[in-house]
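Below is one structure, written out as C-alpha cells; comments come after it.
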Amino acid sequence: MSKISVMTVFGTRPEAIKMAPLALELARRPEFEARCCVTAQHREMLDSVLDIFQITPDYDLDIMEPRQTLSTITSKCLTGMDGVLEQAKPDLVLVHGDTSTTFAGALAAFYHKIPVGHVEAGLRTYDKWSPYPEEINRKLVGAIADLHFCPTAANRNNLARENIQEGVFITGNTVIDALQTTVVKDFSFSEKVLNDLDYAMRKVLLVTCHRRENYGTPMANIMTALRRVADTFPETELVYPVHLSPVVQEAAHKYLDGHPRIHLIPPLDVREMHNLMARCHLVMTDSGGLQEEAPALGKPVLVLRRETERPEAVAAGTVRLAGVEEETIFLMASQLLSDPLEYDKMAHAVNPYGDGRACRRIADAIAWHFGRRDAPPAEFTGECCRG
C-alpha cells in the first residue's frame with residue numbers, strides 16, 4: 001500500500017514551534033511520506049526553530065524581504081507554492097493557525113485541488129480587525145480546509161456555528177508537545193543577563209509585545225505601564241525579548257531604555273523562551289502561543305490585548321485579559337505581584353490546552369481519514385494538564 005504523502009507548510013517562528021513536533025511525528029511513522037515546505041516569512045527566527053528540532057525543509061521559498069507587507073507576503077507565498085505543489089503532488093497539505101503563510105498555503109493547495117488540514121483550527125474573536133490580519137486568515141482557511149484539528153471543544157463549537165462539522169477533531173494543542181522536549185532543569189542561556197538573574201529571590205516578569213493591532217497608542221500605553229510596574233515593585237526584573245519589527249524596536253527603546261531592572265534583549269529561540277518561561281514569575285504578553293504555553297508551566301498570564309481567541313484559558317483562570325490601557329495593566333500586574341492568594345489561584349489552575357499527545361492524535365486522524373485506521377482517535381478532553 002502506498003504511503004500517504006503529507007506536506008507541512010509554515011513560515012513564522014510560532015508556526016514552526018507548533019508544527020515541528022507534528023512534522024517529526026509524521027516522519028517517524030511508516031504509513032506517511034512526510035515533506036516540509038517553509039516560506040521563511042520570518043527567516044532568522046524560523047531558522048532557529050528548525051535547527052533546534054533538527055528539521056531540514058524539503059522546500060524553502062525564502063520570501064522574506066525588508067519591510068514586507070501583507071500583500072507581498074501573501075502573493076510571494078502563493079506563487080512560490082505553485083511550483084512546490086506541482087512537483088510534490090502531496091495527498092494532504094497541513095497549515096497551521098492564522099498567518100499569511102497559512103492562508104496562502106491553504107489557497108494554493110485549493111487551487112491545485114489538494115486537500116487541506118488546518119492545525120489549531122476554530123479560534124475566533126469575531127472581530128475581523130483584532131487580531132489583524134489573523135482573524136480573517138483563520139476564517140478563510142476554515143472555509144477551505146477539509147480536516148480541522150481543534151485544540152479544544154470550544155474551537156469545535158466555533159466551527160459548528162459556521163456550519164463546519166465534517167472532518168473536525170479535538171486534539172489539544174501541539175505546543176504542549178513541544179514543551180516536553182525543550183524545557184530542561186539545568187539550562188544555560190546565551191544572554192548573560194538571563195544566567196545572572198536570581199530567579200528564586202527576584203520576581204522575573206517575561207514580557208512580549210509585537211502585534212500589529214497594538215502599534216501606536218496601545219503600544220505606548222503598554223510600555224508606559226511596564227515601566228511603572230518596574231518603578232513600583234523593586235523586587236521585579238522585567239525581561240523583554242524585543243521583536244525584530246522596526247516599529248516594536250522603536251517603541252521599546254523609547255519607553256523602556258535606561259531602567260536598571262528592565263532588560264531589553266534580542267529575540268530568543270524557542271528553547272530559550274520556554275526555559276525562561278519556566279523560570280519566570282509572571283508572563284505579560286500580546287502573543288497567542290504564550291497564552292497556551294505559560295499555563296502548562298504554572299505561570300499566570302496577563303494578555304495585553306482587548307480580546308483573546310483563547311477564552312478557555314480565561315475561563316480556566318490561567319489567563320486574565322489586561323487590555324491596552326495603562327492603568328488597567330498596572331493594576332492587574334500589581335495585584336498579582338502583591339497578593340499571593342491571587343497569584344496562586346492562577347498558577348495552579350488547570351491548563352485546558354493539552355496533554356502532550358496532540359501530534360499523535362492528528363497523525364491518527366489523518367491515517368483514519370485515508371483509511372489506514374479502523375477508528376478516529378479519542379478526543380482530547382482538556383482536563384489533564386495542571387500547572
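By convention here, the first residue in the shown sequence is residue 1.
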(request) Begin from the C-alpha positions of F380 and C150 and carry the test side-chain contact (heavy atoms from CB on, under 4.5 Å) through to its verdict. (result) CA-CA 9 Å; F380 168 63; C150 299; over 6 Å; no
Under a single-linkage definition using a 4.5 Å side-chain heavy-atom cutoff for Ile, Leu, Val, Met, Phe, Trp and Tyr, are [X] and [Y] assigned to the same hydrophobic cluster?
| X | Y | value |
| --- | --- | --- |
| F10 | L140 | no |
| I222 | V239 | no |
| V303 | Y240 | no |

Under 3.5 Å donor-acceptor, [X] side chain and [Y] backbone:
| X | Y | value |
| --- | --- | --- |
| K18 | H96 | no |
| Q249 | H243 | yes |
| D91 | S5 | yes |
| D98 | E135 | no |
| N214 | M219 | no |
| Y111 | D82 | no |
| Q291 | S287 | yes |
| H118 | G97 | yes |
| T232 | V229 | no |

With [X], which residues qualify under salt bridge (charged side-chain N to carboxylate O under 4.0 Å, His left out), at least two apart?
| X | result |
| --- | --- |
| R228 | E326, E327 |
| E235 | none |
| R28 | E25 |
| D257 | none |

Taking the side chain as every heavy atom from C-beta outward, state whether [X] and [Y] have any pair of such atoms under 4.5 Å apart.
| X | Y | answer |
| --- | --- | --- |
| L256 | L238 | no |
| V184 | N275 | yes |
| M273 | T208 | yes |
| R320 | M346 | yes |
| V319 | R310 | no |
| Y353 | P295 | no |
| R124 | E162 | yes |
| F233 | S334 | yes |

(message) Run the side-chain contact (heavy atoms from CB on, under 4.5 Å) test on I55 and V38 for me, step by step, so that the C-alpha distance in whole Å, both residues' side-chain angles and the decisive distance to 0.1 Å come before the verdict.
(response) CA-CA 11 Å; I55 292 175; V38 299; over 6 Å; no
(message) Can you list everything that forms a ring pair (Phe, Tyr, Trp, His ring centres under 6.0 Å) with Y199? Sequence neighbours excluded, please.
(response)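 Testing Y199 for ring pair (Phe, Tyr, Trp, His ring centres under 6.0 Å), a comparison that skips the adjacent residues, returns none.
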(message) Taking ring pair (Phe, Tyr, Trp, His ring centres under 6.0 Å) as the definition, give me every residue that meets it alongside Y132, ordered by chain and number, with sequence neighbours left out.
(response)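 Scan of Y132 (ring pair (Phe, Tyr, Trp, His ring centres under 6.0 Å), adjacent residues dropped) gives W129.
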(request) Determine, for E213 against R306, whether the closest basic-nitrogen to carboxylate-oxygen distance falls under 4.0 angstrom. (result)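 A salt bridge is absent here (no side-chain N lies under 4.0 Å from a carboxylate O).
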(message) Does this structure show an ion pair linking E237 with R202, if we count only N-O contacts that are shorter than 4.0 Å?
(response)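 Salt bridge present between E237 and R202.
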(message) E309: which residues meet the side chain to side chain donor-acceptor pair (under 3.5 Å) condition with it, sequence neighbours left out?
(response)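 Partners of E309 by the side chain to side chain donor-acceptor pair (under 3.5 Å) criterion, ordered by chain and then number, come out as R138, R305.
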(request) Only counting residues at least two apart or in another chain, list the ones meeting side-chain contact (heavy atoms from CB on, under 4.5 Å) with D231. (result)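 side-chain contact (heavy atoms from CB on, under 4.5 Å) check on D231 returns R227, H259.
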(request) Could you give me the CA-CA distance, side-chain angles and deciding distance for D51 and R271, then say whether salt bridge (charged side-chain N to carboxylate O under 4.0 Å, His left out) is met? (result) CA-CA 11 Å; D51 181 59; R271 190 165 44 196; 5.5 Å; no
Please tell me whether [X] and [Y] have a donor and an acceptor in their side chains that are separated by less than 3.5 angstrom.
| X | Y | result |
| --- | --- | --- |
| Y215 | S245 | yes |
| T101 | T39 | yes |
| E307 | T125 | no |
| S190 | E272 | yes |
| N158 | Y126 | yes |

(request) With side-chain contact (heavy atoms from CB on, under 4.5 Å) as the test, would you mind laying out the steps for F149 and I366 before giving the verdict? (result) CA-CA 10 Å; F149 304 112; I366 295 170; 3.8 Å; yes
(message) According to salt bridge (charged side-chain N to carboxylate O under 4.0 Å, His left out), does anything in residues 32-48 pair up with another residue at least two apart or in another chain? List the pairs.
(response)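 Qualifying pairs, neighbours excluded: E33-R35, R43-D47, R43-D60, R43-D62.
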(message) Once salt bridge (charged side-chain N to carboxylate O under 4.0 Å, His left out) is applied, what residue pairs with a partner in residues 149-159 remain, sequence neighbours excluded?
(response)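 Every pair satisfying salt bridge (charged side-chain N to carboxylate O under 4.0 Å, His left out) with a residue in residues 149-159: R156-E379.
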(request) Please assess N155 against T152 for the test side-chain hydrogen bond (donor to acceptor under 3.5 Å, both in side chains), listing each intermediate value before the final yes or no. (result) CA-CA 5 Å; N155 303 145; T152 71; 3.1 Å; yes
(message) According to ring-ring contact (aromatic ring centres under 6.0 Å, His included), does anything in residues 275-304 pair up with another residue at least two apart or in another chain? List the pairs.
(response)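 Checked against ring-ring contact (aromatic ring centres under 6.0 Å, His included) - neighbours excluded - the pairs reaching residues 275-304 are H281-Y343.
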(request) Apply side-chain hydrogen bond (donor to acceptor under 3.5 Å, both in side chains) to S100 and Q41, showing your working. (result) CA-CA 8 Å; S100 297; Q41 180 179 333; 4.6 Å; no
(request) Could you check V301 against L290 for side-chain contact (heavy atoms from CB on, under 4.5 Å), going step by step and ending with a plain yes or no? (result) CA-CA 8 Å; V301 181; L290 267 64; 5.7 Å; no
(request) Keeping to residues at least two apart or across chains, list the side-chain hydrogen bond (donor to acceptor under 3.5 Å, both in side chains) pairs with something in residues 175-189. (result)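 Listed once each, the pairs are T182-H274.
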(message) Are more than 12 heavy atoms, taken from residues, nucleotides or ligands other than F187, located less than 6.0 Å from that residue's CZ atom?
(response)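 Yes, the 6.0 Å shell around CZ holds more than 12 heavy atoms from other groups.
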